[in-house]
Amino acid sequence: MTLRLFNTLTGQLDPLEPADGKALRMYACGPTVYDYGHIGNFRTFLQVDVLRRFLLLSGMRVRHVMNITDVDDKIIRNSLEAGIPIGEYTARYVKAFFEDMEALRIQRPEEIARATENIPQMVALVEKLAAAGAAYKTEDGSWYFRLAAFPEYGKLSKKDLSGMEDGARVDVDEYEKDSARDFALWKAAKPGETSWETAIGNGRPGWHIECSAMAMEYLGESLDLHAGGEDLMFPHHENEIAQSETATHKQFARHWMHVRFLLVDGRKMSKSEGNFYTPRDLLLRGFKASAIRLALIAVPYRRQFNFTFDSLTDATNAIDRLRTFRARLTAGNFATGENSAIQEAAKKTAGEFRDALDDDLNTAEALAPVFELVRAGNTAIDQGQFFAGDRDAILPLLEDFDAVFDVLEDRDAEATRRALEWAKETGRMADVAPELLAAQSLTDEAIETLVAERTAAKKARNFARADQIRNELAEKGVVIEDSKDGVRWKRK
RNA sequence: GGGCCGGUGGCGAAGUGGCUAACGCGCGGGUCUGCAAAACCUGUAUUCGCGGGUUCAAUUCCCGCCCGGCCCUCCA
């Protein structure tokens, strides 16, 4: 089976495969670095990461390009207000973006393309469009794409623009356009604003041109897949198609993937509603990076996901269950042999896991058999019916699971530590949850010492002291588990 | 106003024209334990927004209504 992924262009599930049988060439719209990324942004990047990882797990080679929009109206406005060059302004957010990617375990694409580093390609594309009569320059020096030059406009978002009246909404700055719907390819420089002196004039790129130019620069004229948030479908992706296909007379992207927006507490996330969160906010509140990751990917990408703090707590507990199970397999001593029921369950789980992801990346359905296997495994272990052969069948399966979900390995402390450093540097310590600070005050070494002391106390049947230590640790978010294989502790 | 998508248990959700409506979390009871934690067992929707219709049979298809989301302007 190969992955069948919903294609916005055709409106159906289409197999996703490289046209040339080599690496799948995919382009995903990345961040505009005018501020810290929020969880909505990251839901999109995470879902694309799930796609990427599943393709790799399926044995496909992938060439994945993501852009960083580091010049646009907001960036220019904000950097002017701050009185610093745009490069300096965006540097902070680019750095933060990569930190967040790492915290959330988003794999780095093969290529990260920055708009400001690909201006010549954009200029060349505008020139090509001008030569074809599809681009025109207005009196102020801006360039526009002539929508009339592309009759197929609207095919992605299924919009019929033929009946749209010109002139309904004409931007003050754009009064020279031939048609109200024509969009900017190149914006003429305004006094004080960052600009590039080029063959088509002094100015800066329009928003849409960068993705067309960079996608073609790094992936060729025809892509296997183009992905982004659902809001980008129109006009951004529609405009990319118009520009690219007019210039090349080739299909720009065969497959289009759009990730659904999330809701927060049942409402649209927005700063004015007070329900706007960045991953960093959540880390400072004491949530784990892995929980944020799982919460944002456990609901399939075409479904609306209602994000709440509870959903993070749920994800935390679910991850705990998986990690505890894996630790049980790794640490336990199992007799040689195998339990045929477990062997079969493992085989079934592997198949169901892949089938679910093959079916339009149904992450929710892929998770179910994994948890069922966890229960079957735990039950067998409790009954003494679990053997080394069963462990050897399940561990690789968990590896495959984690190749996509990537939540089993505990790297949460590192992400949290980074977030705290950032809070310190930027004066946000007031936002840090007190419980998190309490937990941070305790080093791993200190915990080990206390745990050892408790074990000794237990041995001496001094339960009062043992419980005292356990409570002390619990107050700082450390939970102790006694078992036949020794004592295990973890930070909640 | 127009186009598109969705409304399933306490919460997040999967799913299907007819088998006991996944899975996770939570909660109640039990086993294990010095007590816990973990793990396991068990109970947690006779029912899938509301009202009609089609059908032998609908949560699943159709129509209407209500509610939420996305787009139609910058936005993951």
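Each chain gets a letter, A, B and so on, in the order the sequences are listed, and its residues count up from 1.
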_Under 4.0 Å, heavy atoms only, any strand: does A:Val259 hit a base, just the sugar-phosphate, or nothing?_
nothing
*Under 4.0 Å between any heavy atoms, over every strand shown, what does A:Phe371 touch: base, sugar-phosphate, or nothing? Just pick one.*
sugar-phosphate
*asked:* Regarding A:Asp467, tell me which of base, sugar-phosphate or nothing describes its non-hydrogen contacts under 4.0 Å with the strands shown.
replied: base
*Quick one: label A:His258 by what it contacts on the DNA or RNA (base, sugar-phosphate, nothing), any heavy atom closer than 4.0 Å.*
nothing
*Touch check for A:Gln47, heavy atoms < 4.0 angstrom, all strands: base, sugar-phosphate only, or nothing?*
nothing
_G-U wobble or Watson-Crick pairing nucleotide for B:G1 (cut-off 3.5 Å, both distances)_ = B:C72
*Under the criteria of a ring-centre distance below 5.5 Å and an interplanar angle below 30°, is A:Phe45 stacked with the base of B:A76?*
no
*Looking at the side chain of A:Ala364, which of B:C75, B:A13, B:A38 is the nearest nucleotide?*
B:A13
*Respond yes when some side-chain nitrogen or oxygen of A:Thr379 is under 4.0 Å from OP1 or OP2 of B:C41, and no when none is.*
yes
*Any chance the side chains of A:Asp72 and A:Tyr34 put a donor and an acceptor closer than 3.5 Å?*
no
_What's A:Thr324 touching, base or sugar-phosphate or nothing? Going by heavy atoms closer than 4.0 Å._
sugar-phosphate
_Distance (rounded to the nearest 0.5 Å) between A:Leu156 CG and A:Glu240 CD_ = 9.5 Å
*Output the single nucleotide from B:A38, B:U73, B:G34 whose closest atom is nearest the side chain of A:Arg454.*
B:G34
*Return the minimal non-hydrogen interatomic distance between A:Thr363 and A:Ala298, and the atom names on each side.*
OG1-O, 3.3 Å
*Would you mind classifying the nucleic acid contact of A:Leu232 as base, sugar-phosphate or nothing, using non-hydrogen atoms under 4.0 angstrom?*
sugar-phosphate
_Side chains of A:Thr278 and A:His38, donor plus acceptor under 3.5 Å_ = no
*Whole-Å gap separating C1' (B:C11) and CG (A:Asp265)*: 12 Å
*Which part of the nucleic acid, if any, lies within contact of A:Glu481, taking any heavy atom under 4.0 Å across all strands shown: a base, the sugar-phosphate backbone alone, or nothing?*
base
*For A:Arg260, which contact category applies under a 4.0 Å heavy-atom criterion: base, sugar-phosphate, or nothing?*
base
*Across the strands shown, which category fits A:Pro31 at heavy-atom distances under 4.0 angstrom: base, sugar-phosphate, nothing?*
nothing
